[in-house]
Every structure is written in structure tokens, then in C-alpha cells.
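Every value quoted in this text rests on a predicted model; they were computed, and no experiment measured them.
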Amino acid sequence: MGEGPQLKTKAPQYEPTPCYPLLADAVAVGWADAAGTLPKGTRVLAVDGPAVLDWTAVATGLRAAFGDGHARLEFADVRTAVRDWETVRRLTETEQLRDDPDFARLAGGDLAELMDPAALAALAAPGEDGALRVLLGPGAALGGADVLWWADLPKRYAEAAVKHGRGRNLAAPGDEPPTLRRLLYIDWPLLDRHRDRMAERIDRWIDVTDTVAPTSIGGQALRETCRSLATRPFRTRPTFNSTPWGGHWAQETLGHNPDEENTALGYELIAPESGVLLGDDPSRCVEVPFQLVVALSPVDVLGPAVHEMFGTSFPVRFDYLDTVGGGNLSVHCHPRPDDMHSVFGWPYTQHESYYLMRAGEHSKVFLGLREGADVEAFHHSAHAADAYGTPFDIERYVQVFPAEAGQLYLVPAGTPHGSGEGNVVLEVSATPYLYSLRFYDWLRRDAADRQRAVHVEHAFRNLDPARSGAAVARELIQRPRPLRAGDGWREEVLGALPAMFFQVHRIAVEPGRAAEQRTDGRFHVLTVVDGQGAVITTAAGHRHSVHYAETLAVPASVTAYRVHNQGPDPVRLVKAQVV
């Protein structure tokens, strides 16, 4: 079924910090350089951004930068203009998931609904005697300032801060401990929509990864550069996280996070979290959200038909699941369409697929129910494991297949699944990545030595009994089907289902040859899965190298491009597109 080599050597060409030149600007470093761009006569400056940012450090930096140039300087913390916490919780929580320890419904509505308009207006009133009034905090842009700056923190840092108990959740009082639950499901959706609505107004973008020496660019350069990216192939900045089941492939092969415990989850392109580095030097860049690129040019990036279907949501994600030297993933499923919409709030569901880039000698893939599986007994066993720590044999209920390098395993919503230890999975999936509903996690302990959470009732409510028996191998483990070919290249369909809105293809190119591709009005995402890499050349003349394990977004506006194999060995790329 699967075929082809598996790379087991180092990948020295893998670039962990791809960056793209700015148009009509240079990256400034430090608060003083940013302050020097403020137009004369500004009465009110708004500095907006995420709730988890260290706003005290931002105020300190601005106070020092503006101190010599302004006789009077007034700061106003717009976090004091939010509604009371009980009202905020009532507006952002649903009754069904209010007491759920792990999940919440994705927050709808606008950030403005959490603010007290009168209190915000009072804070935003211009100072007297020529004072510069600086509004700080999430929602500052709503105050009607003369100039708007956006102070941003890449989401990987926000997640780490909340895990360590630092920062605040959106509209929360200072003594309320931050939680990942609110960060992921409530803060991020509200703040992302707020940022995207303000994108055309932003006068300066400040990357506050370093609160002492932040990097920044002008708002016009931000927009022009992002819109330019929407017409050419580009990469997002990859990042890897550690988990209890994680392996070491990305450390050993790609050189990622060598000092961390493991490299379990590799985010190659996950729209809600990925960033793009702008600037000539990775050490002197600003990182902007990939989602902002999409929001500024949705038709160019997605294509007209995909934009009509998904709005500004980039609906496909690419990530790695690394269990080489690690453990089995949990056996879990994802919400079926009705539940995803009515309970969790995503308009489309999380269909997935596993492409095996590497498979251990005796590795497994868990996929689908066994023929005639006793679902009631499965439910009882899962509950006993969760409540009482009672182990059980998951293979009594869930099928196991040999892990084959080069094979794609389709995982429609509601299908129990998981990768076994010893694998490198390129997960090509729909974007709603936050709702993994675990049946069983091997009684694994977390960093605090607590049994890791599972979600028995959510999981069984979404279990699809039709994904069982012989139909699993027949429908979900498909043989490659030829699609098109040319001189020294071919493209094949690895997996497609009527229920899934995207397909996964594979392009194979011989040395010295080039594969012809057309976007046909829909974006492509590419990852090199075998060989050294390729050079992508667009009809407009843009060129972009992509090496082993790197992922490249090809906007719909590219229209036509060629995949050149300039290496000594055959190269293969996995390609995903919405159909």
C-alpha cells in the first residue's frame, strides 16, 4: 500500500526561522525607536494587544522612551474599563460547557461587548496642557485614539505563560488565576477577531517577545508586506511542543528543541497559532500571525470559492506527531459536524488524515472500531479507567493496523484513532484542532503526576459506529490513484472521501525534472516527505526552496507553478487542497 524510502538521516537544510523581506520599511529595535515614529501633536495613543502580555513591562518601556520628549505623560489601563467578572463570564460561557474542566465553546461576539463604554470613554479623554495620553491593554483601539499601535506576543509564548500561572485572561480581575481553557476557547477567538477588524487602522506593529528590546514596523509596511505574501509561496515559523508521549525525531533529524524533554507536536502550519517572520534577519524580525495575512487578503490566499465557504478561516493544517522513542498517542476522536457546531462552536469539523513519514519496525496505527465491538462495554471500560485508574485492552474495541511509511490513513470526524510509538506522522487535517476527545490515554501521568484527563462522555457522544470492521481498511486506508503525469513526474491521489472537504495528493519528481501545477483558484499546502527538497517557481517568477520536512503555503493567487527537483535523488511532496 505505502511505498518509498524513509529518511533516517539528518536534515541540515531544514530552516527553523524562515523570514521574508519587508516592503518600504526597516525593522526597528527598542521602545525608543518606536516612540520616535509617533507623529507630532498626537494627543491619545492606543496600544492594544493580547491579555496575557506583560502590560506592566510595556508601560515601563514606553515611559522610559517617551520620558524626555513629553512634558506630561499619562497612562490609562483599559483593563479597568471591562464589565464585572460575573457579567463577562455570563457573556462568554455556555450553560452546556460552563463547568467542563477542559473545553469551552468558542467565544462569539465582539470584544466591545465586554467593555463598559462610559468607563472606556472616560479613560480615552485627551489629557490637558498637551499631555500624551497612552491607553494600554486589550480593547485600547476601541477608545478612539489618534494613533493605534499593536503590541503582540506570539501565541506559543502566551500558552507557556498561562501554563506557568503568569499573565491574565481577557477581562479577568488581577487576582483570577489564568487558565488555558479560557485562553484557547475564549480569549483567542475574541482577540483574533478584534485584531483582524483593526488591521487597516494599525499604525505600528510591535513584537514584544522581548519586552526590553521589542522589534517593530510601520502599519503600512505591515499591510503591504502581508498582501505581497498573499501572491507568492511562503512558510510559517515552525515550532515544537513537548507532551508526555513525545518522541525525539525532530530533535535528532531537524535539530529542533535539543534541550527539551521531547518534540511531540510540530506545528508546521496551524492557522490560529502560526506566525510569519518579516525582516531580513531572523534575529531582527517581527513575527505576525499567519491569520493576519489571510484576513488582509482572503481571496488571494484562499481563492474565491474557499473564501465563500470558510470566510477568513484557513481550513487546512499541517503538523507533526513525533513518537520516535516516545509512547502511543491517546485513542481519541473528534466531534462530528452537528456536535462541533452546536456544542463547540466551530462551523466546520475536524476531519484528519495521518501520512506516515516514518514508521517503526513494529509500530501501529489505531483506527476505527472492531467488527461487532461492544460499544457499551467499551464505554464502561473507558469510564472505569478514567474514574478508578483501571487499565483495559483498547484493542478489544479499536482496530490496529501496521504503520507503513508512505501510507495515508484517513480519519473522518467521530473515528477512534491514534498513532502508536515509533512513528512520525504528518497530520494533514481540518483546522479546528482544539477538540481531541480522548477515550483512553494509557493511564498516563502529566508533569504534576496527575492522571491525564480523558473526555469519556464527549468522546462516546461523538463516536461514529459506522467507522468499523472491514469498511475501515477499505475506505480509510486507500491505495494511491494516478491523477496526472508528465516527463519525469507524476501526481497521485492518496486519500479522498465524500465526507471530507479536502483531498491529499502526492507529487513525485525525478532528478532534473519539474512537475507542472495549477491552483485552479484554491490554495495548496506542500510538505517534502522524501528526498532533499525542491524549488517552487511561480508563473510570476517567484522562487522558493522547500527542503525535507518543510511545509509551504501556496496561495490561490499563484495560479500556476512548477516543482523543480534540483537534487540527486527523487523527491516526493504531500499536497493538500480543498475540493
Side-chain angles (χ1 to χ4, degrees), residues 16-17 19-20 22 25-39 42 44-70 72-79 132-141 145 147-170 174 178 183 187 191 195 202-219 221-222 225 237 239 257 259-260 273 275-289 292:
T17 53
C19 55
Y20 299 90
L22 277 172
D25 200 2
V27 176
V29 179
W31 291 111
D33 282 357
T37 68
L38 190 71
T42 301
V44 181
L45 166 65
V47 185
D48 209 321
V52 77
L53 191 63
D54 185 346
W55 287 102
T56 299
V58 172
T60 299
L62 288 174
R63 191 179 299 279
F66 283 129
D68 295 335
H70 290 269
R72 291 188 59 196
L73 192 62
E74 301 173 353
F75 284 87
D77 186 343
V78 300
R79 292 175 296 181
L132 173 64
R133 191 158 184 80
V134 182
L135 305 181
L136 289 176
V147 175
L148 172 59
W149 290 357
W150 198 274
D152 199 56
L153 182 70
K155 285 183 174 175
R156 62 188 178 277
Y157 296 109
E159 191 171 352
V162 171
K163 281 182 178 178
H164 290 92
R166 300 193 302 271
R168 283 161 64 173
N169 284 124
L170 179 63
L183 177 74
D187 299 3
L191 289 166
R195 178 204 61 219
I202 294 172
D203 296 296
R204 192 154 199 87
W205 182 275
I206 308 174
D207 180 341
V208 198
T209 301
D210 184 339
T211 57
V212 175
T215 53
S216 65
I217 58 174
L222 167 74
T225 305
R237 184 194 187 282
T239 185
N257 299 5
D259 300 324
E260 296 297 324
E273 291 197 34
V276 182
L277 296 174
L278 304 184
D280 296 319
D281 181 351
S283 66
R284 190 187 173 100
C285 278
V286 295
E287 184 169 340
V288 302
L292 184 64

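- Closest of all the heavy-atom pairs between Thr42 and Leu45 is CG2-N, 4.4 Å.
- Taking CD1 of Ile217 as the reference point, atom CG of Leu22 lies at 5.0 Å (rounded to 0.5 Å).
- Here the side chains of Thr37 and Ser216 are not in contact, with every heavy-atom distance at 4.5 Å or above.
- No side-chain heavy atom of Phe75 sits less than 4.5 Å from a side-chain heavy atom of Val47.
- Smallest separation of non-hydrogen atoms from Val147 and Pro39: CG2-CD, 4.0 Å.
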| Passes side-chain contact (heavy atoms from CB on, under 4.5 Å), Glu287 versus Thr209? Steps please. | CA-CA 9 Å; Glu287 184 169 340; Thr209 301; 5.6 Å; no
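- The closest side-chain heavy-atom distance from Trp31 to Thr60 is not below 4.5 Å.
- In this structure, Thr215 contributes its side chain and Arg284 its backbone to no donor-acceptor pair below 3.5 Å.
- At least one donor-acceptor pair under 3.5 Å links the side chain of Asp48 to the backbone N or O of Ala140.
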| field | Worked check of side-chain contact (heavy atoms from CB on, under 4.5 Å) between Tyr20 and Thr225 | value | CA-CA 9 Å; Tyr20 299 90; Thr225 305; 5.6 Å; no
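- In terms of modelled atom types and a separation under 3.5 Å, the side chain of Asp25 and the main chain of Gly218 share a donor-acceptor contact.
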| message | Does Val286 form a side-chain contact (heavy atoms from CB on, under 4.5 Å) with Val27? I'd like the steps, not just the answer. | response | CA-CA 7 Å; Val286 295; Val27 176; 4.3 Å; yes
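- The minimum heavy-atom distance between Pro16 and Arg237, with the atom names listed, is O-CG, 3.9 Å.
- For the residue pair Cys285 and Asp207, the shortest heavy atom distance occurs at O-OD2, 4.3 Å.
- For Thr211 (side chain) and Val208 (main-chain N/O), no donor-acceptor pair under 3.5 Å exists by modelled atom type.
- Scanning all heavy atoms of the two residues, the minimum distance from Pro138 to Leu191 falls at CB-CD2, 3.9 Å.
- Side-chain N or O atoms of Trp55 include one that pairs as donor or acceptor with a backbone N or O of Pro50 at under 3.5 Å.
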| said: Walk me through whether Val58 and Leu136 qualify under side-chain contact (heavy atoms from CB on, under 4.5 Å). | reply: CA-CA 8 Å; Val58 172; Leu136 289 176; 4.0 Å; yes
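- Note that CG of Leu277 and OG of Ser283 are 11.0 Å apart. Values are rounded to the nearest 0.5 Å.
- Remark: the backbone N or O of Leu148 is paired with a side-chain donor or acceptor of Asp203 at under 3.5 angstrom.
- The CH2 atom of Trp205 lies 5.5 Å from the CG atom of Leu292; values are rounded to the nearest 0.5 Å.
- We find the CZ-CZ distance between Arg79 and Arg168 to be 4.5 Å, quoted to the nearest 0.5 Å.
- For Pro178 against Arg166, the heavy-atom pair with the smallest separation is CG-O, 3.6 Å.
- The distance from atom CD1 of Ile206 to atom CG of Leu62, rounded to the nearest 0.5 Å, is 6.5 Å.
- Put simply, OH on Tyr157 and OG1 on Thr239 are 8.0 Å apart, with the number rounded to the nearest 0.5 Å.
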